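Remarks on the structure that follows.
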There are 2 protein chains.
Amino acid sequence: MSQQPERLEVWCAGEEWCALTSTATILGRKWHPVIVHRLLRDGALGFNALKEAVDGVSSKVLSDSLEDLEEHGLVNREVVSEKPFRVQYSLTERGESLDPVISAMQAWGKEHLAEPRDA
Amino acid sequence: MSQQPERLEVWCAGEEWCALTSTATILGRKWHPVIVHRLLRDGALGFNALKEAVDGVSSKVLSDSLEDLEEHGLVNREVVSEKPFRVQYSLTERGESLDPVISAMQAWGKEHLAEPRDA
DNA sequence: CGGCATCCACATGGATACTG
DNA sequence: CAGTATCCATGTGGATGCCG
């Protein structure tokens, strides 16, 4: 059940800054943190449900993003039904471990970015 | 002395995902988190000192990155001497407030990304 | 429903060379 | 020392349309 043992392979292993740049590269794509956040909040979701939950992403970009997240072992894709074709995306353990990072990012954003109305 | 009162203007204000995407866009650029980390760790640094501290970035990219960080009010640029021309880059209060985010990113990276040798 | 195919525009990073 | 000027390859996102 645990797909955690091995660490993610990265091109910069050995460099002191690798942990930071790699994490930035993974979470720095426009929708990645939002996707992870939605899956953390709502649990497993189908493609279109996730698309609506994210709200603002196109099919193509969501598809690309999910593929990238899958390749990084953060998201799990599961076909739950063939007849009415249904898929579910959920976080792996590694994906869930991003919670503190996502939370920190969102907290910072809420604290320092402009809001529509102040009050 | 406080340049914190106003929040950063962003193109996505009002969107629920704005805090996350904007933060991702700011910290997601390859060297941004490393630059902020170095300034957090070492304090104010000159251009070349910072370039060496980051280790791996080109002048052009460092220059671009610093400009971007300045525009976001995270980094402060100060000319400390004209004759022997010297400049110092340091974090603003807003920049320092990124500490928890950078720390979370680095902690996650160290925990989940491959290292040169295992033992 | 859950995508993929295409095409396009622009952002980003890197190499190299040069300057005040 | 502290950058800027070019040039270029690739990455990334977005729009639109189509398919099983």
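Note: hydrogens, waters and symmetry copies are ignored here, and every other heavy atom, side chains too, is used. Just so we're clear, the structure is a prediction, and the values are computed from it rather than from any experiment. Each chain gets a letter, A, B and so on, in the order the sequences are listed, and its residues count up from 1.
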Spell out, as yes or no, whether a donor-acceptor pair under 3.5 Å connects the side chain of B/S103 to the backbone of B/D99.
-> yes
Check: A/I26 main-chain N/O paired with A/H32 side-chain donor or acceptor under 3.5 Å | yes
Would you call the rings of A/W11 and A/W17 parallel, tilted or perpendicular, where under 30° means parallel and over 60° means perpendicular?
-> tilted
A/Q88: what forms a side-chain contact (heavy atoms from CB on, under 4.5 Å) with it, not counting sequence neighbours?
-> A/A44, A/V80
Determine to 10° how strongly the helix from C/dC1-D/dG20 to C/dG20-D/dC1 is bent, judged from the axes of its five-pair ends.
-> 50°
First and last nucleotide of DNA chain D, 5' to 3', lying under 4.0 Å from heavy atoms of chain B | D/dC1 to D/dT6
If only atom types and distance count, is the side chain of A/H72 paired as donor or acceptor with the main-chain N or O of A/D68 below 3.5 Å?
-> yes
If every non-hydrogen atom of A/T92 is compared with every non-hydrogen atom of A/G73, which pair is closest and at what distance?
-> OG1-O, 2.6 Å
In Å and rounded to the nearest 0.5 Å, what is the NZ to OG distance from A/K60 to A/S65?
-> 9.5 Å
Where along residues 56-64 of chain A does a heavy atom fall under 4.0 Å from DNA chain C?
-> A/S59, A/K60, A/S63
Full working for side-chain contact (heavy atoms from CB on, under 4.5 Å) between A/V75 and A/Y89 = CA-CA 7 Å; A/V75 161; A/Y89 289 95; 3.9 Å; yes
Measure the spacing between CD of B/E93 and CG of B/L74 and express it to the nearest 0.5 Å.
-> 12.5 Å
Bounded by its outermost nucleotides with an atom under 4.0 Å from a heavy atom of chain B, the footprint on DNA chain C reads C/dT12 to C/dA15
Go through residues 17-39 of chain A and report each residue with a non-hydrogen atom lying under 4.0 Å from DNA chain C, sorted by number.
-> none
Is the side chain of A/R38 donor-acceptor paired with the backbone N or O of A/L45 at a distance under 3.5 Å, no angle test?
-> no
Are side-chain N/O atoms of A/W31 and B/T21 paired as donor and acceptor at under 3.5 Å?
-> no
To the nearest 0.5 Å, what is the distance between CD (B/E71) and CD (B/E67)?
-> 5.0 Å
Presence of salt bridge, B/E111 and A/R94, under 4.0 angstrom | no
Would a distance-only check, ignoring hydrogens and angles, find a side-chain to backbone donor-acceptor pair under 3.5 Å from B/R7 to A/L113?
-> yes
Min side-chain heavy-atom separation A/L27-A/I102 under 4.5 Å | yes
